Amino acid sequence: MKLRAWLMHALVSSLITGCVSPPAAPPEKQGNIFVVVVDTLRRDHVSAYGSKTRTPNIDRVAARGQVLTESASSFHQTTMSTAALFTGRTPSLERAGGEQLHWSGQTWCGLARLAANESDDCIPEAVPTLAEEMRKLGYRTVGVIANELLYKPGGYERGFDEWVQVAPRTPEQSKRNGRSSLQASARRRSAKPVNAAVLKALESQPKDRPLFVYVHYIDVHEYQILSRSYSDAVRIFDADFGLLLDDLEKRGYLDDAMLVLTSDHGEALGEKHALPSSRGHFGNPSFEPLLQVPLLASGKLVEDASAFVRSQDLYGLLLRAAGAPELPASQDTERGELFVSELAYQTYRSGRWKSTRPRDGRSISLFDLSADPGETNDVAAAHPAIVAEHHKRIDQLEKELSAADVQPRGLSASDEDRLRQLGYVE
Ligand SMILES: [Zn+2]
């Protein structure tokens with residue numbers, strides 16, 4: 001019914017205007033769609049995936065839905081993977097001439113190649129966002145965000161009717177970067193204040209349309225700042241997230257709704273791989289602990305829960321769940337492959353084979369994820385044909401995803417401040 005009504009509307013709109021325009025009112029009552037991103041949550045710390053860390057509330061999401069077993073982050077870091085989710089595009093740091101782009105608030109969405117000019121947003125204005133498309137499908141759009149890297153300006157907010165940045169620091173607070181100040185800031189942006197902000201934003205919405213709600217939590221990311229073990233941070237978050245679920249259920253927001261929970265990337269917790277890598281999730285080669293993310297849905301998000309789904313694929317899948325007549329085509333890269341264009345490496349995966357090519361000219365490494373999920377054994381020498389294939393595809397993507405004209409710039413003072421706040425720079 002929902003789909004037929006939408007198609008009828010689209011047909012009428014296109015007859016009138018020549019293209020599909022936003023409906024004046026939803027074709028009929030549709031359920032709300034919630035997307036919850038738990039920043040830095042590893043898949044193997046969610047009990048629905050067999051973890052010893054108990055996450056009963058996260059697991060509630062999939063109790064009558066799906067646990068997707070092969071979901072991957074499009075990039076091992078927040079700004080890139082969120083941009084991928086918000087646009088369906090492949091984030092890239094490639095720059096014409098083979099050099100990588102310098103990292104700045106201008107380039108850290110990975111979409112510099114699509115920018116109209118130097119003053120365009122990090123998510124270029126011409127690139128349609130998930131929230132904009134949700135609006136066209138008749139949704140009222142609400143975003144509640146606790147990761148400062150996504151705060152304005154940047155373009156992440158585009159398309160949201162209401163965009164709540166939880167507890168942004170005052171200029172006075174920004175000047176203090178001592179541990180206690182960082183802890184205080186992390187607490188102000190933790191799950192309980194985020195839950196309160198979500199409920200407040202929802203209560204203030206008119207009831208005329210279904211809601212698309214994007215919630216981005218930062219608690220797990222801040223485990224070190226808050227002096228918690230990673231597992232403890234996950235457990236504490238899970239309990240707080242349960243409070244939001246209770247409130248949403250009580251108030252009817254989850255009736256006929258779809259709730260999707262995922263993470264923007266994982267975290268390295270000291271695993272040893274074939275190549276040296278640091279802890280955390282910034283500047284590493286993209287080993288699996290960084291890329292494997294949980295993806296749970298209340299309801300049916302995909303036909304096959306074992307399908308390979310990247311952050312950027314969620315863009316289309318969510319629009320489809322919202323009533324888009326068909327799944328938008330994958331742009332830039334194929335659905336079954338993953339290309340991570342990083343600062344020091346290019347990582348490419350197709351099926352079980354994953355390669356990591358350093359930008360400094362060292363030779364490429366190849367891993368067989370089915371035989372060696374820990375990526376401890378570089379088998380490049382034993383599989384020259386696969387290595388050649390990966391080189392060829394990386395060369396091709398490097399060209400196709402390059403930004404031609406972005407001048408390398410250093411970090412602005414405010415970019416640097418936001419990165420320091422999150423522990424990325426000293
Ligand atoms: Zn993140």
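None of the values given here were measured: they were computed from a predicted structure. Side chains included, hydrogens not; waters and symmetry mates left out as well; all remaining heavy atoms used. Remember, it's 1-based here, ligands and their atoms both numbered in the order they're listed.
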Just by distance, with hydrogens left out, do Asp378 and Ser365 show a side-chain donor and acceptor under 3.5 Å apart? yes
Answer with yes or no whether the side chains of Ser185 and Gln173 bring together a donor and an acceptor at under 3.5 Å. no
If you look at [X], which of its N/O/S atoms is nearest to the Zn ion (ligand 1)?
X: Asp264; value: OD2
X: His265; value: NE2
X: Asp39; value: OD1

Taking backbone and side chain together, does Thr40 place any N/O/S atom at a distance below 2.8 Å from the Zn ion (ligand 1)? no
Can you pull out every ring pair (Phe, Tyr, Trp, His ring centres under 6.0 Å) where at least one residue sits in residues 44-69? Sequence neighbours excluded, please. His45-Tyr230
Going by side chain to side chain contact (heavy atoms under 4.5 Å, CB included), Pro289 matches just one of His281, His265, Glu267, His273. Which one? His273
